[in-house]
Number of protein chains: 2
Amino acid sequence: MKDFLSLNNQLCFAIYETAGEFNKLYTSVLQPFGLTYPQYLVLLALWEKDEVSMKELGTRLGLGTGTLTPMISRMQENGWVRKERSKEDERKVFIYLEEKAHRDKSPITKRIAEEIQLCDISLTEYDELMTRLNELDQKLKDRSKSTGA
Amino acid sequence: MKDFLSLNNQLCFAIYETAGEFNKLYTSVLQPFGLTYPQYLVLLALWEKDEVSMKELGTRLGLGTGTLTPMISRMQENGWVRKERSKEDERKVFIYLEEKAHRDKSPITKRIAEEIQLCDISLTEYDELMTRLNELDQKLKDRSKSTGA
DNA sequence: TACAATCAAATCGTACACGATTCAAATAAA
DNA sequence: TTTATTTGAATCGTGTACGATTTGATTGTA
């Protein structure tokens with residue numbers, strides 16, 4: 001039990017730090033494009049699937065309305081996306097990618113790919129890490145479901 | 001190259017999400033104690049080694065003065081720590097744990113341990129994840145050193 | 001139809017997190 | 001010594017991030 005606790009302290013710290021480093025790496029690449037890291041994650045989601053509601057976007061990113069609303073507004077001001085209220089259900093607001101987002105996709109991803117290659121991460125490392133992280137993420141979410149409900 | 005990019009997108013997203021889930025789990029436990037997750041990480045660092053300067057604390061947590069100064073001030077207002085300017089070098093400010101931080105250490109860690117056990121994480125999982133995360137963290141840091149310098 | 005419950009966004013208040021700037025103290029150089 | 005540089009904190013502005021509350025639209029039910 002004591003071992004688990006101290007392991008966990010190390011783990012939560014390692015995740016905290018690595019997330020921070022990732023943030024810094026992406027920030028340095030994205031800054032020239034006038035994008036922040038979380039904003040890039042939004043584009044990533046929208047490049048996968050365009051025309052989604054705030055609700056769906058929030059679910060996919062694990063973000064609430066308090067975070068997303070002002071962030072999307074900023075992205076709209078900067079010409080990345082467009083907000084439009086649904087005609088069928090006026091409660092819903094859909095997000096659409098703007099030209100700029102399509103145009104800049106290639107140069108942005110190219111710059112990121114360049115930067116990532118400097119880190120010299122192997123395919124096995126990616127695989128291993130993602131599998132483990134997703135496992136952990138799932139367990140954390142299961143727990144909150146069982147205790148929170 | 002294309003594979004690496006899409007793998008990396010998945011990875012940065014997985015870390016982003018898992019970090020968020022960890023944050024939520026700890027927040028739910030720490031809230032009753034009047035602590036935030038980053039504040040707990042500060043206590044964790046100080047329980048390891050007390051009487052450190054802002055500078056050293058920032059280095060250990062990977063946080064800058066712009067984050068740390070207001071955070072420590074809040075923790076001082078709430079009675080967790082005390083700030084004191086060094087006599088030898090008046091530029092330095094040392095942080096000291098207060099009684100409350102010592103007193104609450106045991107109940108806090110106990111509650112966290114309880115919550116973690118619900119997630120059912122194995123020793124191998126901890127080990128594997130931490131090793132991989134630290135490897136990655138190191139590579140990210142090496143890169144920023146070589147490009148930034 | 002009418003009214004309650006529900007749902008989607010927006011808003012508000014608090015707390016990180018970072019880069020850039022400022023300021024005082026300490027150290028190095030002239 | 002006097003000046004120049006460096007160093008450690010604090011401050012400022014911008015941008016997440018979250019829970020709680022509010023507002024307006026929709027749906028369910030009497």
Any side-chain N or O of Thr67(B) under 4.0 Å from OP1/OP2 of dC16(C)? no

Examine dA8(C): is either OP1 or OP2 under 4.0 Å from a nitrogen or oxygen in the side chain of Lys92(A)? Give yes or no. no

Looking only at side-chain N and O atoms, does Tyr126(A) offer a donor or acceptor that is under 3.5 Å from a partner on Asn8(B)? yes

N-O pairing of Lys141(A) and Glu17(B) below 4.0 Å: yes

Within the 4.0 Å heavy-atom criterion, would you say Thr27(A) contacts the bases, only the backbone, or no part of the nucleic acid? nothing

Looking only at dA10(C), dA17(C), dA26(C), the nucleotide nearest the Thr65(A) side chain is dA10(C)

Measure across Leu7(A) and Met130(B) and return the closest heavy-atom pair with its distance rounded to 0.1 Å. CD2-CE, 3.4 Å

Does anyone know the first and last nucleotide of DNA chain D in reach of chain B, 5' to 3', at under 4.0 angstrom to a heavy atom? dT7(D) to dC18(D)

Would you indicate what Glu56(A) reaches in the nucleic acid, counting non-hydrogen atoms under 4.0 angstrom: base, sugar-phosphate, or nothing? nothing

Round to the nearest Å and state the distance from Arg85(A) atom CZ to dA9(C) atom P. 8 Å

Which sits closer to the 5' end of DNA chain D, Asp89(A) or Asp89(B), going by the nucleotide each is nearest to? Asp89(B)

Run the salt-bridge test on Glu90(B) and Lys92(B) with the 4.0 Å N-O cut-off and return the result as yes or no. no

Using a 4.0 Å heavy-atom cut-off across all strands, classify Leu68(B) as base, sugar-phosphate, or nothing. nothing

Taking 4.0 angstrom as the limit, do Glu135(B) and Lys139(B) come out as a salt bridge? no

Distance-minimising heavy-atom pair for Phe13(B) and Arg60(A): CZ-O, 3.3 Å

Does dC16(C) have its OP1 or OP2 closer than 4.0 Å to a side-chain nitrogen or oxygen of Gln39(B)? yes

Please compare Gly66(B) and Phe94(A) by the position of their nearest nucleotide in DNA chain C and report the one closer to 5'. Phe94(A)

For the pair made of CZ in Arg74(B) and P in dT14(C), what is the distance, rounded to whole Å? 11 Å

Please report the distance, rounded to the nearest Å, between OH in Tyr26(B) and P in dA15(C). 21 Å

What is the distance from OH of Tyr16(B) to C1' of dC16(C), rounded to the nearest Å? 13 Å

Once you round it to whole Å, what is the distance between P of dA10(C) and CG of Leu57(A)? 12 Å

Any chain of hydrophobic side-chain contacts (each under 4.5 Å) joining Tyr96(A) to Val93(A)? no

Comparing nearest nucleotides in DNA chain C, the 5'-proximal residue of the pair Pro38(B), Met54(A) is Met54(A)

Which listed nucleotide (dA10(C), dA15(C), dA8(C)) is nearest to the side chain of Thr36(B)? dA15(C)

N or O in side chain of Lys83(A) less than 4.0 angstrom from dA10(C) OP1/OP2: yes

I need the OH-P distance between Tyr37(A) and dG19(C), as an integer number of Å. 15 Å

Whole angstrom is fine here: how far is it from CG in Leu41(B) over to P in dA17(C)? 8 Å

Specify the separation, in whole Å, of atom CD of Gln76(A) and atom C1' of dA10(C). 14 Å

Look at all strands and tell whether Gln31(B) reaches a base, only sugar-phosphate, or nothing, counting heavy atoms closer than 4.0 Å. nothing

Would you call Glu114(B) and Lys110(B) a salt bridge, taking side-chain N to carboxylate O under 4.0 Å as the test? no

